[in-house]
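Accompanying notes for the structure given below.
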Amino acid sequence: MSSPLRASRLRLALGALGAILGLGIALFLLPDASGQLAQKLKSKREAELSRNQQVQQLQELQRLADRIRRGRDTLADLEARLPRGSAGELQWNLSKTLHTLTQKHGLRLQSVKYGLPSREGARGTDLESVEVEFVALGVYANLKAFMLDLEGSGLAFAVRDGRLEESPEGARLNIVLRAFRKAGAPEREEGEA
């Protein structure tokens with residue numbers, strides 16, 4: 001009988017030792033494993049957040065690069081369409097366009113004044129501008145249509161100043177344009193020496 005009792009005591013001692021080891025594992029290793037798991041999950045969330053922010057930044061940079069590319073293409077297209085003739089030819093084209101459009105819209109062109117050509121921007125550029133100041137008189141609706149047609153005329157200009165006033169003759173539109181051209185030597189046509 002002592003043998004089964006001894007075997008039971010041995011099993012009891014081994015069971016108690018196993019329970020103590022299990023309790024030690026539960027007290028020391030499981031919280032550490034749980035902490036590691038929590039740390040891994042936190043790191044994963046932070047990595048996903050960082051990745052999402054980087055993807056968003058990359059998309060913003062891509063949009064910026066696309067806008068820059070479109071702007072560069074627009075500038076290259078505008079520069080290619082700039083007139084290359086002399087300042088006199090530019091003034092003549094502006095004058096023809098202004099007179100044609102004022103007649104088309106039933107307006108009266110009161111005065112047209114041209115400034116001297118001036119270089120634009122930094123050194124090394126061949127962009128030149130000429131200021132044109134004019135006054136157009138007529139009905140507001142016609143003045144509006146005139147300005148829209150002038151904008152669509154294909155001339156390279158920017159409106160520097162504009163005022164719309166009432167006058168005894170009707171609406172009075174005072175405009176100052178800056179017309180642009182390539183200041184380099186005009187291109188020679190075939191047959192010229």
Side-chain angles (χ1 to χ4, degrees), residues 53 55-193:
Q53 288 174 343
V55 166
Q56 185 178 6
Q57 288 174 344
L58 182 62
Q59 289 171 343
E60 289 173 7
L61 289 173
Q62 184 63 45
R63 285 191 293 270
L64 177 62
D66 290 342
R67 280 197 323 259
I68 290 171
R69 189 177 312 109
R70 283 192 307 269
R72 189 175 37 227
D73 292 345
T74 301
L75 284 175
D77 180 51
L78 178 64
E79 188 176 347
R81 290 186 295 130
L82 284 175
R84 296 188 182 271
S86 68
E89 290 174 314
L90 177 62
Q91 290 174 354
W92 174 249
N93 287 336
L94 281 166
S95 200
K96 277 192 322 189
T97 302
L98 289 175
H99 285 287
T100 301
L101 292 177
T102 52
Q103 288 177 354
K104 175 182 174 185
H105 295 288
L107 301 174
R108 191 165 51 106
L109 200 58
Q110 193 171 33
S111 66
V112 179
K113 299 176 191 171
Y114 293 97
L116 295 174
S118 65
R119 289 280 181 165
E120 293 295 317
R123 285 187 170 164
T125 183
D126 59 348
L127 188 63
E128 191 173 79
S129 72
V130 175
E131 283 202 2
V132 182
E133 183 177 349
F134 66 90
V135 176
L137 300 169
V139 179
Y140 171 76
N142 293 354
L143 288 169
K144 180 179 177 184
F146 165 77
M147 285 304 293
L148 290 172
D149 277 355
L150 182 60
E151 182 180 315
S153 69
L155 295 173
F157 70 88
V159 177
R160 188 177 68 80
D161 190 23
R163 288 184 314 276
L164 181 63
E165 303 166 341
E166 282 294 319
S167 72
E169 298 94 10
R172 177 185 178 99
L173 182 65
N174 296 312
I175 295 288
V176 179
L177 300 178
R178 292 184 82 192
F180 299 93
R181 73 177 191 94
K182 295 288 268 183
E187 295 178 353
R188 294 177 178 243
E189 295 183 19
E190 288 184 35
E192 287 187 26

Between [X] and [Y], what is the shortest heavy-atom contact and its length?
X      : Y      : result
Gly138 : Leu143 : O-CD1, 4.1 Å
Gly106 : Asn142 : O-ND2, 4.4 Å
Ser129 : Arg178 : OG-NH2, 3.3 Å
Ile175 : Gly162 : CD1-CA, 3.8 Å

Full working for side chain to side chain contact (heavy atoms under 4.5 Å, CB included) between Leu177 and Leu150: CA-CA 11 Å; Leu177 300 178; Leu150 182 60; 4.1 Å; yes
Counterpart residues, side-chain contact (heavy atoms from CB on, under 4.5 Å), relative to Asp73 (two or more places apart): Arg69
Can you tell me how far [atom2] of [Y] sits from [atom1] of [X], rounded to the nearest 0.5 angstrom?
X      : Y      : atom1 : atom2 : value
Thr100 : Phe146 : OG1   : CZ    : 10.0 Å
Leu137 : Leu107 : CG    : CG    : 8.5 Å
Glu133 : Asn174 : CD    : CG    : 7.0 Å
His99  : Leu109 : NE2   : CG    : 5.0 Å
Leu173 : Met147 : CG    : CE    : 6.0 Å
Asp66  : Gln59  : CG    : CD    : 11.5 Å

Distance-only polar pair, side chains of Asn93 and Glu89, donor-acceptor under 3.5 Å: no
Side-chain donor/acceptor of Ser95 to backbone N/O of Trp92, under 3.5 Å: no
Stepwise side chain to side chain contact (heavy atoms under 4.5 Å, CB included) check, Phe134 with Thr102: CA-CA 11 Å; Phe134 66 90; Thr102 52; over 6 Å; no
Greater than 12 external heavy atoms within 6.0 Å of Leu116's CG: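 Counting other residues, nucleotides and ligands, CG of Leu116 stays at 12 neighbours or fewer.
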Leu148, Leu98, Thr97 screened by side chain to side chain contact (heavy atoms under 4.5 Å, CB included) with Ser153, the one that passes: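 Of the listed options, the one satisfying the test is Thr97.
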Residue among Gln62, Glu60, Arg67 satisfying side chain to side chain contact (heavy atoms under 4.5 Å, CB included) with Leu64: Arg67
